[in-house]
J.: 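Have a look at the structure that comes next, please.
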Amino acid sequence: MTQAGKETIYTKEFQKSFENANQPEWLKNLRKEAFDYFTEEGFPTVRNEEWKYTSVNSEQLAVNRSSELDVDDEQIEKILTDIEGENRLVFVDGILDEELTLLTDLPEGVKIRSFAESLEDETFKASLTKLVEFDFNGFTALNTAFIEQGVFIHVPKNTKVESKIHIIFIGENETANFARVLYVGEQFSEAEIIEQYTRTREANYFTNVVCEVNLADNARLVHTRAQRESHSAVHIITSNAELNRTSVYDNTNITLGAKLSRHDVNLSFNEEGGEAWVDGLYLVEDGQHTDTHSRIDHKVKNCHSHQTYKGILDGKSRAVFNGKVFVHENASGTDAEQSNKNLLLSNEARVDTKPQLEIFNDDVKCAHGATVGQLEEEELFYLLSRGLHESLARNLLTYGFAEEIINKIEIPSIKKELDEAVLNRLHAKLEA
Amino acid sequence: MLLEVKDLYVAVEGTNILKGLNLQVKKGEVHAIMGPNGSGKSTLAKILAGHPAYEVTKGEILYEGKDLLELDPDERAREGVFMAFQYPVEVPGVSNSQFLRLAYNEKMKHIGDEELDPLEFNDLLKEKAKIVEMDPKFFKRSVNEGFSGGEKKRNEILQMAVLEPKLALLDETDSGLDIDALRIVANGVNQLKSEENAVILVTHYQRLLEYIIPDFVHVLANGKIVKEGGKELALELEEKGYDWVKAAGQ
């Protein structure tokens, strides 16, 4: 089955899943190849430059995959109550729960389907693993080896999906959850996706999701990712987007949960005139570690990228931000902005930030910067001088720091949830 | 006596700024503190408000007979001390109305009065905004963010109107204002002053004092009050400049 003599903690699970899978040959071959790669390479270690500050202790990773939906329905209902009148796909412990899935009247030709239903689809076959190849790292290899669960979204030419598409990942048991999101937006298509990662209770599960976003000429996608995993969970996302002529991609990543979280968010402009936002907010406290590695490739002329990442760290927490922007030789007229600002609320918190611009063309406008700091004394004094207690004043300023990103989120239910999450964590009492 | 400053010495980063200042303020009075740049007049406002960068090295400040220096800045505010900042601070992401209601309710809680919910507070705010002719659209905007200089100063006076301090310190509130904005700000302060409160105007120029008439003018030079008088002293300063008082401070 796998390479002779080598065993990994996932070997048994893989064999079980592989043998039982009713999948076409091409996919099985891909899975096997990916698992062989994982067997050989394992997870990235701190010796790998891209993983310098984030070590993954594989002994702490959940191994078993969920075989049946053994879930707390009441808690799940609670999570889902806000999402009415929109499309939703719900994964529980990494398994798509068809019963919880709701789809609105979709415009003609729009496909929102499970992977199992998509195996014969030509677009699906052509796009799967096109943007995130299995050998990107051990996590993507492992995810590819376990390809079974996922959602495939295909929006045809000149079509707008009016109702938002919610993809909700709920963790409940101590399982390894592998899933994928594959989005293909054809010319002049428009849609909005909201990925949420949440949990019914505190459990040590392992989320490993790969997301691929293909945008054809003039296609537009708003893509929000809100992560509120269990604080015992490990959360790994690899998300790549490819933009073509004047495509627009607006991506926001909110990180609140997980013991260890790592996002690889990559984006490439392949044709002229594209515009993209890749923004994020991470808010971590004692015992949490979050790492964002992003890479934006300006391969062609006249594209515009914006990246604003903000971090708030409390207790003994740690954040890593590594943002690479590559402006290739023929990419004149590029406009790239990048910033990473961090607010440290404790002396024990630590940030390693590295915005990295590599420019191989003179006709470009690029700005980047990183800051790490504490609350401004003058701002704090201003609030105190109006009679606010110090704890409230500090919370308010911290909240204000995060608002720029939270305000981007236009979905009231998520914005409210985030506001509350931010405020609860800050122990502030701010009614709207 | 609302405020008594006795032989006050203040240092910032090891440099002495105020060197033996005395001042007495009663309710119902308007005092102007004037003086050349660097004379220490803004330092006086900041030390009264409790700015952490300023250190009292000698002397005392009594507020309603109690030691003001014992109180933290937020406690002073809840006790009725208010400083309108020379450079109001921007607080991104926090709306003006949210901020003002929090401040208002902190004070109400402190004095054992009724706190207001957002709707009730909004009615109060609308009324108060008339005092400084402020458009309610500013309520929803982040505190001072993207405000013009004049709008920031008006916002300071709006805060004063909401918090109804007993002792209002206006630190160079006239700086950077055009004539219309100056008139609006001064008019606001005039509506807010009463027999129950006192106003200390810290200003370099006499022009604000044409609109807010002081009962007393104190001239500060080199960290001490070198001359005191009524409102006519301000005019004299305007005419003669500060050179003649600077000599007195040496």
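Both backbone and side-chain heavy atoms feed into the values below; hydrogens, waters and symmetry mates do not. Sequence lines set the chain letters: A, B, ... in the order given, protein chains first and strands last, and positions in each chain run from 1. For clarity, every value in this text was computed on a predicted model and none was experimentally measured.
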J.: What part of B:Pro165 gets closer than 4.5 Å to chain A, counting heavy atoms only: side chain, backbone, both or neither?
T.: neither

J.: Of the backbone (N, CA, C, O) and the side chain (C-beta and beyond), which part of B:Glu156 lies under 4.5 Å from a heavy atom of chain A, both, or neither?
T.: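 Answer is side chain: those atoms of B:Glu156 sit under 4.5 Å from chain A.
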
J.: Using the ring of each side chain (for Trp, its six-membered ring), is A:His235 parallel, tilted or perpendicular to A:Tyr197, with breaks at 30° and 60°?
T.: perpendicular

J.: For A:His263 and A:Val265, indicate whether the former's side chain and the latter's backbone hold a donor-acceptor pair under 3.5 Å.
T.: no

J.: Applying the salt bridge (charged side-chain N to carboxylate O under 4.0 Å, His left out) criterion to B:Lys166, which one of B:Glu195, B:Glu29, B:Glu64, B:Glu196 satisfies it?
T.: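 Result: among B:Glu195, B:Glu29, B:Glu64, B:Glu196, B:Glu64 is the only option passing the salt bridge (charged side-chain N to carboxylate O under 4.0 Å, His left out) with B:Lys166.
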
J.: Which of the residues B:Met83, B:Glu90, B:Gln159 is involved in the greatest number of heavy-atom pairs with chain A at under 4.5 angstrom?
T.: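 When all of B:Met83, B:Glu90, B:Gln159 are compared, B:Gln159 has the most.
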
J.: Before giving the answer on ring-ring contact (aromatic ring centres under 6.0 Å, His included), spell out for B:Phe147 and B:Phe138 the whole-Å C-alpha distance, their side-chain angles and the decisive distance to 0.1 Å.
T.: CA-CA 9 Å; B:Phe147 286 27; B:Phe138 284 98; 5.1 Å; yes

J.: Given that the side chain runs from C-beta out, which part of B:Val162 has a heavy atom under 4.5 Å from chain A: side chain, backbone, both or neither?
T.: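 Nothing of B:Val162, per the 4.5 Å heavy-atom cut-off to chain A.
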
J.: What residue in A:Glu379, A:Glu378, A:His389, A:Glu377 has the most heavy-atom pairs under 4.5 Å with chain B?
T.: A:His389

J.: Which answer fits A:Glu390, side chain, backbone, both or neither, if we ask what part of it has an atom under 4.5 Å from a heavy atom of chain B?
T.: backbone

J.: Looking at A:Gln288 and A:Ala258, would you say the former's side chain and the latter's main chain have a donor-acceptor pair under 3.5 Å?
T.: yes

